Enquirer: 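Below are the structure tokens for one structure; questions will follow.
The analysis underlying the following values was restricted to heavy atoms, covering all of them including side chains, and did not include hydrogens, waters or symmetry mates. It should be emphasised that the depicted structure is a prediction, and the values quoted were computed from it without experimental measurement. Below, read A as the first sequence line, B as the second, and so on, with proteins coming before strands; counting in each chain starts at 1.
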Amino acid sequence: MKQLLYGVAYYDEYMPYDRLEKDIQMMKDAGINVVRIAESTWSTHEPQNGVFDFTSVDRVLDAMHKADIKVIVGTPTYAVPTWMVKEHPDVLATTPKGSGKYGARQIMDITNPTYLFFAERIIRKLIGHVKDHPAVIGYQVDNETKHYDTSGSNVQLLFVKYMREKFKTLDNVNKLFGLDYWSNRINSWEDFPSVVGTINGSLGSEFSKFQRQLVTNFLAWQVSIVNEYKHSGQFVTQNFDFEWRGYSYGVQPRVDHFKAAKSLDITGVDIYHPSQDDLTGIEISFGGDVARSTKSGNYLVMETEAQAFTNWVPYPGQLRLQAFSHLASGANMVAYWHWHSIHNSFETYWKGLLSHDFEPNPVYNEAKTIGSDFRRLSSQLVNLKKKNKVAFLISNEALTAIDWFKFNATSTKNYNDIVRMMYDELYKMNIECDMVHPSSENFDQYNLLIVPALYAASDNLLNQLNKFVKNGGHIVYTFKSGFTDEFVKVRTTHQPGIIHEACGIYYNMFVEPKNVSLADDPFQVGKENNYIETWMELITPLTAEVLAYYDHPHWGKYAAITENQYGEGKAIYIGCIPSSAIMKKILEHAVQKAGLWGKDQELAFPLITKSGINQMGEKIRYYFNYSEEQIAFNYPYKEGLELLTEKPIKAEEKLDIDPWEVLIIKEAEKQID
Amino acid sequence: MKQLLYGVAYYDEYMPYDRLEKDIQMMKDAGINVVRIAESTWSTHEPQNGVFDFTSVDRVLDAMHKADIKVIVGTPTYAVPTWMVKEHPDVLATTPKGSGKYGARQIMDITNPTYLFFAERIIRKLIGHVKDHPAVIGYQVDNETKHYDTSGSNVQLLFVKYMREKFKTLDNVNKLFGLDYWSNRINSWEDFPSVVGTINGSLGSEFSKFQRQLVTNFLAWQVSIVNEYKHSGQFVTQNFDFEWRGYSYGVQPRVDHFKAAKSLDITGVDIYHPSQDDLTGIEISFGGDVARSTKSGNYLVMETEAQAFTNWVPYPGQLRLQAFSHLASGANMVAYWHWHSIHNSFETYWKGLLSHDFEPNPVYNEAKTIGSDFRRLSSQLVNLKKKNKVAFLISNEALTAIDWFKFNATSTKNYNDIVRMMYDELYKMNIECDMVHPSSENFDQYNLLIVPALYAASDNLLNQLNKFVKNGGHIVYTFKSGFTDEFVKVRTTHQPGIIHEACGIYYNMFVEPKNVSLADDPFQVGKENNYIETWMELITPLTAEVLAYYDHPHWGKYAAITENQYGEGKAIYIGCIPSSAIMKKILEHAVQKAGLWGKDQELAFPLITKSGINQMGEKIRYYFNYSEEQIAFNYPYKEGLELLTEKPIKAEEKLDIDPWEVLIIKEAEKQID
Amino acid sequence: MKQLLYGVAYYDEYMPYDRLEKDIQMMKDAGINVVRIAESTWSTHEPQNGVFDFTSVDRVLDAMHKADIKVIVGTPTYAVPTWMVKEHPDVLATTPKGSGKYGARQIMDITNPTYLFFAERIIRKLIGHVKDHPAVIGYQVDNETKHYDTSGSNVQLLFVKYMREKFKTLDNVNKLFGLDYWSNRINSWEDFPSVVGTINGSLGSEFSKFQRQLVTNFLAWQVSIVNEYKHSGQFVTQNFDFEWRGYSYGVQPRVDHFKAAKSLDITGVDIYHPSQDDLTGIEISFGGDVARSTKSGNYLVMETEAQAFTNWVPYPGQLRLQAFSHLASGANMVAYWHWHSIHNSFETYWKGLLSHDFEPNPVYNEAKTIGSDFRRLSSQLVNLKKKNKVAFLISNEALTAIDWFKFNATSTKNYNDIVRMMYDELYKMNIECDMVHPSSENFDQYNLLIVPALYAASDNLLNQLNKFVKNGGHIVYTFKSGFTDEFVKVRTTHQPGIIHEACGIYYNMFVEPKNVSLADDPFQVGKENNYIETWMELITPLTAEVLAYYDHPHWGKYAAITENQYGEGKAIYIGCIPSSAIMKKILEHAVQKAGLWGKDQELAFPLITKSGINQMGEKIRYYFNYSEEQIAFNYPYKEGLELLTEKPIKAEEKLDIDPWEVLIIKEAEKQID
């Protein structure tokens with residue numbers, strides 16, 4: 001990127017009256033320099049089968065270009081027109097709930113050839129039509145693509161072929177997946193049943209992996225088409241999203257972001273998060289870390305909230321805080337869903353920068369200050385680079401397998417709860433993290449790996465992790481890690497299987513804790529916080545040092561948390577779900593042991609700091625106040641310049657930071673990388 | 001009506017043994033003078049296709065006539081026989097849940113021609129058969145008719161034709177309903193998808209309106225058939241019901257009672273309500289106000305509870321209290337579901353006046369006193385007329401639209417919660433209300449209009465409401481009023497749209513309150529009651545006086561509740577959901593400003609008073625004690641006669657009213673209307 | 001049985017590697033002397049239609065025989081192979097939820113002839129193959145058989161024929177089932193609708209009875225086939241299970257255990273129960289009492305928990321306590337689900353004796369002590385006989401009818417809650433009970449019948465119960481007993497119908513209690529425990545003595561609990577759901593009045609005692625400590641020998657019993673029966 005992008009999604013098609021000129025004037029006033037168009041409006045651009053109408057696209061492109069606002073054009077394939085479904089109802093995905101019904105977006109079978117034929121044609125028509133327009137800087141293929149649970153008979157057929165290709169024989173399948181159980185054994189490929197009704201978690205997890213591969217393939221196919229048209233200097237991206245709990249919570253279960261990002265030029269994501277009193281910046285950081293890590297580089301925030309819902313309307317200062325938080329994580333673009341608030345249909349209350357009346361309002365007015373600062377500071381803030389020393393190993397496979405095998409009969413916690421329980425504490429202690437994929441071969445660039453609940457993992461991955469420790473790396477594992485292989489078959493050895501070597505422990509029993517604490521409060525968290533919940537492994541240390549025992553009349557002899565020197569490194573193993581306070585202490589301990597405790601860790605949430613090296617090689621340090629109270633702190637680094645106020649900062653100067661405010665300090669001396 | 005009717009539903013067909021003679025004797029003892037028959041027993045009257053058997057009808061008619069008990073005959077069309085469904089399974093409604101299954105009542109497609117053919121035939125046979133019988137005073141067409149979510153392909157086809165007839169072109173539809181959004185645009189009538197899966201609230205709301213029209217049409221069609229047979233002096237009614245929350249709660253979502261009542265001679269309703277410690281009389285009053293307003297006249301309570309469920313069995317005195325409460329609202333008939341308690345099937349525990357043993361019991365014994373008083377006082381209490389000065393504007397369209405667009409992500413409140421929150425407070429301050437329909441042209445007969453959450457409304461309606469204020473009327477609006485047009489498209493102006501003129505305010509942002517109160521407790525409700533919830537609009541006054549500001553660190557500058565002089569009248573606007581205590585104070589204020597605060601308002605729940613003019617032009621005042629405690633009060637009017645005791649009452653006399661008791665005072669002087 | 005059996009379910013087919021020899025060694029070490037095999041692995045034994053492979057069966061049989069471990073062979077019919085469903089999808093049951101999907105077990109239509117053909121063939125092949133093997137001591141037909149809600153059109157057709165056979169004419173059906181209601185009347189057999197959608201509880205209950213009959217027939221059919229092969233000395237059993245609330249809770253709704261047990265040689269059951277701090281022994285006792293009563297003899301515990309779930313892993317001592325508790329109820333076999341913990345699929349976390357690592361663990365080690373004691377004490381503990389004086393009358397019909405007619409609109413309690421509320425209190429006071437079936441003709445062998453909520457019952461049954469009291473028996477009835485006949489038609493007399501004679505009361509009204517207690521705390525349970533809930537009948541005593549009145553301003557004149565002398569006996573009637581504390585007092589009172597209060601009743605939970613006569617005619621008394629605390633008590637009987645320690649016990653000796661420990665005392669003198 002040459003500059004910071006500040007943008008909005010813009011739909012001329014949704015306007016209740018002609019607003020284009022007025023909207024562009026208001027965008028210019030706010031410093032908006034990019035809009036995303038077209039990704040939802042197939043029925044407007046192709047009103048009938050084979051009839052194309054790009055009037056609204058042309059009109060917007062021309063007007064934007066005249067105003068020097070850049071445009072990202074989306075392929076409109078994630079919402080299908082009525083005519084297509086009337087002509088070919090089978091373009092709708094058949095899911096475990098049955099046949100699809102027209103209405104919502106994201107309801108099609110992404111393997112259906114009719115759909116693919118129409119999708120390819122509109123992509124070629126649209127992208128061919130716009131590619132030479134000077135306003136166009138890039139393309140977004142589809143939007144928030146997932147597999148939509150497509151699992152009809154055609155998809156089952158593809159799955160059987162995938163299984164035969166991968167496992168060669170049914171004997172392999174029966175053995176690896178344990179299909180003799182409950183008479184599920186398959187003795188002829190023709191007998192392979194639809195897995196929609198399966199009760200075999202190994203088979204179900206493999207099907208989920210296959211479904212994620214469908215997404216990767218579908219996106220790569222779209223990218224390959226767009227690439228035929230794309231000019232040099234134009235990019236192709238997608239808009240990934242995350243596990244959705246009414247906001248962007250954790251690892252996306254239905255897409256392998258690392259694999260799906262391979263075909264893209266740059267990763268785009270949307271990030272939505274709680275706001276008002278609940279704004280913490282964690283989701284901005286987490287989503288940013290995932291996005292940045294997928295291609296080890298800067299990324300685009302294709303969508304984030306402006307006013308959005310009634311419980312998200314930002315307090316004064318929060319929109320600014322959020323925008324710079326995205327930059328601090330490595331974003332090169334921040335764009336809002338949506339420019340205006342839509343007057344009909346599903347997202348009427350997902351409000352944009354403008355309300356339904358199109359008038360300036362406090363949120364829009366705050367955006368104007370952001371746009372102005374982005375423009376002024378663009379060259380100093382764009383393309384921020386990081387060299388993090390801590391990484392999370394995140395795994396779609398572990399996530400899916402834990403969905404099949406819940407922690408217990410009543411708990412609603414899933415894989416992402418464990419990921420976030422650890423991520424949140426590191427965020428709050430100002431440890432910046434990367435995310436690594438199980439297929440990564442670059443563990444060695446990190447000092448400390450965080451490995452939450454790696455329930456499903458191949459021998460190879462676990463052996464690599466052992467080697468990482470042996471070579472001097474540090475790992476924090478939680479419970480359940482290493483328990484099953486990549487086919488979700490429980491290992492037949494003592495647990496935690498292969499990693500028991502690095503961890504120096506074993507267990508073969510686990511129970512559900514009721515009123516269980518850690519004996520003698522080893523982390524000094526006080527009675528209120530000294531508890532564990534949901535799951536506990538009854539651990540016997542071999543070579544490990546015991547950091548905590550359980551306090552329980554019958555299980556008190558077993559270890560809860562251990563630390564083991566293995567070769568040059570250390571592995572910490574957490575055999576239960578501890579309180580947040582305990583988790584914080586464990587992670588502090590791990591960070592210290594890994595030699596990563598620094599000046600930033602003397603500060604803590606709600607004072608968040610993130611940093612990186614800009615394209616001129618300068619160190620940029622962001623400080624965010626995620627609270628309603630002013631915070632004072634001693635700036636612990638060399639002298640610099642606060643970029644927003646252009647005020648010089650002395651080394652060790654005591655600084656005040658207002659509620660929901662941000663400081664951006666550029667160190668005076670260049671960094672030597 | 002010539003006399004008060006006191007009745008029961010009676011099914012000779014359900015009797016475990018021949019009871020007719022004994023039952024009639026017990027009815028006579030209880031003063032029962034009307035029974036309703038036949039509306040559920042099609043399979044008995046037409047045991048096979050085209051084979052008719054009215055034995056049980058004839059037998060009951062003759063016996064009742066002999067005993068001088070009148071009969072209302074129901075058309076038996078709301079529960080279809082087994083033979084019909086076996087022959088023609090498609091008479092069952094296809095709903096969003098799929099095809100229907102035989103079993104319950106109210107499962108048919110009321111547009112299905114096969115069903116309509118059979119329905120017409122049984123109506124003609126039955127009504128033709130009974131019309132000359134001297135016991136028959138009227139007819140009930142169908143029962144608790146709704147559209148039963150019928151939405152199969154035939155209904156979708158009708159809807160497309162309805163849309164084309166109404167909107168002429170798809171360009172209109174696409175624009176008014178915002179169908180470009182998410183590629184929902186329809187470019188050819190043939191492409192019109194089933195709206196069962198729609199995510200477009202405008203389209204969904206229009207479909208609901210269309211479905212309500214099906215009900216209106218169906219009832220009008222039945223009425224037109226019955227009218228061919230009906231003699232002069234006989235009436236046709238229906239049995240409307242209300243939003244059901246285990247009892248009759250609010251405006252019926254699936255029927256437009258005003259439109260559906262047009263074809264009837266008189267409106268009938270059923271009213272069920274909590275009892276025992278939870279008996280308040282509110283549902284009796286609310287349902288009565290709706291029923292009375294539909295045709296601006298007296299109405300029939302076709303069904304209400306006798307013993308009913310275990311939590312409804314009335315305490316001693318309550319059955320009486322309820323019966324006279326119906327009369328006080330303008331009912332000319334009170335009838336129980338059901339005479340006896342049924343020995344099998346779905347309503348075994350919906351107990352009647354008699355228990356399963358058919359013996360006298362405390363509830364039946366209390367009914368005897370009611371029947372006796374009804375008979376004695378009939379000429380003085382029948383045909384009570386009212387001239388209320390306060391009316392609620394209630395809207396099916398607003399109700400449906402708010403179902404599509406909930407107040408927030410977690411709230412379960414709907415339109416009727418807002419209606420009832422206001423209605424309940426007015427009831428408790430003894431303000432009698434009418435209900436007006438959005439199509440009304442008679443707003444001017446009222447001094448004060450209550451307009452809860454009028455979320456969907458045409459420009460025309462809102463302009464009329466402005467005019468009403470300008471001409472001296474008073475209105476209390478709540479939040480969300482005026483926000484969208486009649487197609488549920490958000491207005492593109494400042495909110496609250498057109499009514500902002502009368503209200504003298506505007507807003508374009510709204511948030512969800514958390515721990516928000518009104519600044520400085522302006523209504524003096526105390527800390528416990530000073531709160532708002534669920535929804536708050538950030539209001540800026542233009543010409544309005546601010547009655548309350550929010551107490552909030554960031555939104556404290558915005559108004560919560562305002563009052564505006566506009567022309568000769570005043571408009572109060574409530575921009576949030578306040579506590580009941582606050583709502584009470586606002587409405588007291590509004591009643592006072594409208595000059596309607598009178599002597600009745602010096603009394604309050606649990607002492608309820610209602611009044612009207614009887615057919616001799618005399619003022620009848622009812623006083624009800626809805627509590628377990630005796631209440632003393634000074635009767636504030638001119639001298640009169642307490643009709644139940646025949647005791648003279650002096651002006652200003654101090655009266656005692658026992659728990660769950662009623663007084664009926666006829667003023668000595670006639671009213672001059 | 002000649003000896004106590006101590007067993008496990010064993011699946012060579014599920015093993016991740018060849019373990020047979022090692023497993024058998026470990027079994028021998030643990031005293032395992034029986035395994036159950038084959039009942040879930042049809043797809044392994046018949047990999048393709050008509051291709052049979054009993055390799056794994058033969059291999060296990062031979063190895064077990066060599067090790068002198070006996071084998072019970074299951075027919076593998078409760079989980080169907082993939083090839084069968086691919087060839088014949090209609091073998092899957094159509095249920096109210098629609099067509100079936102392949103995946104789980106227990107999904108077939110047990111009336112489908114294709115399924116029955118294949119089932120018969122595999123049974124004949126397998127049983128024919130193994131019948132002469134010397135290791136085989138018996139057979140289990142199918143497993144946990146139920147009707148799986150099969151209710152497709154073929155089942156409906158069978159039901160119509162069943163109805164015609166049973167009721168002869170539709171006039172009977174219409175009258176008995178009250179089908180005139182809501183036009184459900186059926187006037188021609190051809191019109192008989194599927195009852196899947198019925199709202200008629202009488203019809204629905206009859207269909208449930210018919211479905212239970214399908215189970216009885218299916219099992220009898222399997223037994224008849226196996227009997228063709230069975231050698232003398234071999235037995236046929238089934239594995240019944242109970243109402244499942246995450247554990248074995250109460251009477252099984254979908255099987256009539258008494259009828260289904262008729263064709264078996266011996267009853268088998270599985271019993272799963274809470275453990276750890278929640279272990280009480282109640283489910284072991286309840287399930288055992290049902291099993292023992294079905295055929296008035298000893299029974300087999302085919303499955304119970306070893307480690308099982310995280311919340312069930314037994315504390316040290318609990319596995320032993322459980323094993324001997326089964327024996328104390330009359331079990332001759334205790335077997336675990338499952339030998340090992342399964343590495344894939346649905347029951348991965350339903351852990352066996354061994355963990356996934358197959359190593360010895362604390363639970364396995366405790367099993368070794370049990371196996372050793374079973375072997376040593378076998379001849380003294382096997383074939384324990386009981387002569388209980390108290391019995392529960394349990395009724396599938398009452399259970400189903402109460403599912404149709406819940407206690408009130410919000411309560412989730414069902415029939416089994418009432419059964420257990422009473423059973424639990426008797427268990428805690430060390431009253432051993434039998435279970436009797438409504439068709440029993442042996443009431444007279446009991447002194448006291450407990451009759452919970454006998455809501456549906458024939459005149460004949462109720463007359464018998466009256467006669468039982470008249471002849472000197474004692475009964476405790478609860479509310480709702482006698483209310484409807486066997487067709488769930490409410491009786492038309494005063495309630496409680498026919499039994500009002502023995503009870504000396506009547507009522508015809510019932511209400512839902514809110515904050516209701518018993519007047520003057522007649523059972524001295526204290527304020528906290530003096531409450532009733534959910535249901536209250538307003539009882540008027542005729543000849544009965546009132547044990548408790550309601551404390552209520554309006555219903556205070558009615559009786560809550562009564563006792564009546566009738567002939568030589570007494571009937572207690574409980575007209576409401578009382579607190580457990582009140583129920584305990586009522587039952588204590590009833591036990592005393594029945595002359596059954598003895599020495600065992602001076603002890604109480606957590607000290608549980610059970611006893612019987614062994615095959616040598618010796619009295620065996622078990623004492624169990626179901627708590628974490630040591631308990632001291634005076635052994636109240638004649639001198640004896642504690643069998644586990646071989647320590648002599650003196651009469652009246654003070655004994656200590658450790659937490660979760662068991663004592664088994666054999667009295668010195670033989671019993672004269």
Enquirer: Relative to chain B, which of E628(A), E347(A), Q276(A) shows the most heavy atom pairs under 4.5 Å?
Expert: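 Looking at each option in turn, the highest pair count goes to E347(A).
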
Enquirer: Return the CH2 to OG distance between W83(A) and S183(B), rounded to the nearest 0.5 Å.
Expert: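 If I round to the nearest 0.5 Å, the distance is 9.0 Å.
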
Enquirer: Would you name the heavy atoms of P47(A) and N187(B) that are closest together and state the gap between them?
Expert: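 Nearest pair, atom of P47(A) first, then N187(B): O-ND2, 3.0 Å.
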
Enquirer: Using modelled atom types only, decide if a donor and an acceptor are shared between the side chain of K86(A) and the backbone of P193(B) within a distance under 3.5 Å.
Expert: no

Enquirer: Hey, do the aromatic rings of Y181(B) and Y11(A) have their centres closer than 6.0 Å?
Expert: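 Ring-ring flag for Y181(B)/Y11(A): false, centres at least 6.0 Å apart.
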
Enquirer: Supply the atom-to-atom distance Y102(A) OH to T198(B) OG1, rounded to the nearest 0.5 angstrom.
Expert: 8.5 Å

Enquirer: Rounded at 0.5 Å granularity, tell me how far CZ in R185(B) sits from OG1 in T82(A).
Expert: 10.0 Å

Enquirer: How far does OG1 of T348(A) sit from CH2 of W404(B), to the nearest 0.5 angstrom?
Expert: 11.0 Å

Enquirer: Do the side-chain N and O atoms of N344(A) and S202(B) include a donor-acceptor pair separated by under 3.5 angstrom?
Expert: yes

Enquirer: Taking all atoms of both residues into account, what is the closest heavy-atom pair of P16(A) and K175(B), and its distance?
Expert: O-NZ, 3.2 Å

Enquirer: Are the side chains of H343(A) and T492(B) in touch, meaning some heavy atoms are under 4.5 Å apart?
Expert: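 Yes, close enough: below the 4.5 Å cut-off.
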
Enquirer: Taking the six-membered ring for Trp and the full ring for Phe, Tyr or His, determine whether the centres of Y315(A) and W555(B) are under 6.0 Å apart.
Expert: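 Yes, the ring of Y315(A) comes within the 6.0 Å limit of the ring of W555(B), centre to centre.
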
Enquirer: Does a side chain donor of either Q318(A) or H554(B) reach within less than 3.5 Å of an acceptor in the other side chain?
Expert: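 No, no side-chain donor-acceptor pair sits under 3.5 Å.
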
Enquirer: Do D357(A) and N508(B) have side-chain N/O donor and acceptor atoms under 3.5 Å apart?
Expert: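 Yes, because at least one side-chain N or O of D357(A) sits under 3.5 Å from a partner of the opposite role on N508(B).
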
Enquirer: What closest approach, in Å, do N184(B) and S43(A) show between heavy atoms, and which atom pair accounts for it?
Expert: N-OG, 3.9 Å

Enquirer: Quick check for you: to the nearest 0.5 Å, what is the distance between E190(B) atom CD and Q48(A) atom CD?
Expert: 8.0 Å

Enquirer: Does E512(B) form a side-chain contact (heavy atoms from CB on, under 4.5 Å) with V313(A)? I'd like the steps, not just the answer.
Expert: CA-CA 9 Å; E512(B) 181 178 335; V313(A) 177; over 6 Å; no

Enquirer: How many angstroms lie between atom OG of S355(A) and atom OH of Y507(B), to the nearest 0.5 angstrom?
Expert: 10.0 Å

Enquirer: Can a donor-acceptor pair be found between the side chains of T44(A) and D180(B) at a distance below 3.5 Å?
Expert: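 Yes, D180(B) and T44(A) have a side-chain donor paired with an acceptor closer than 3.5 Å.
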
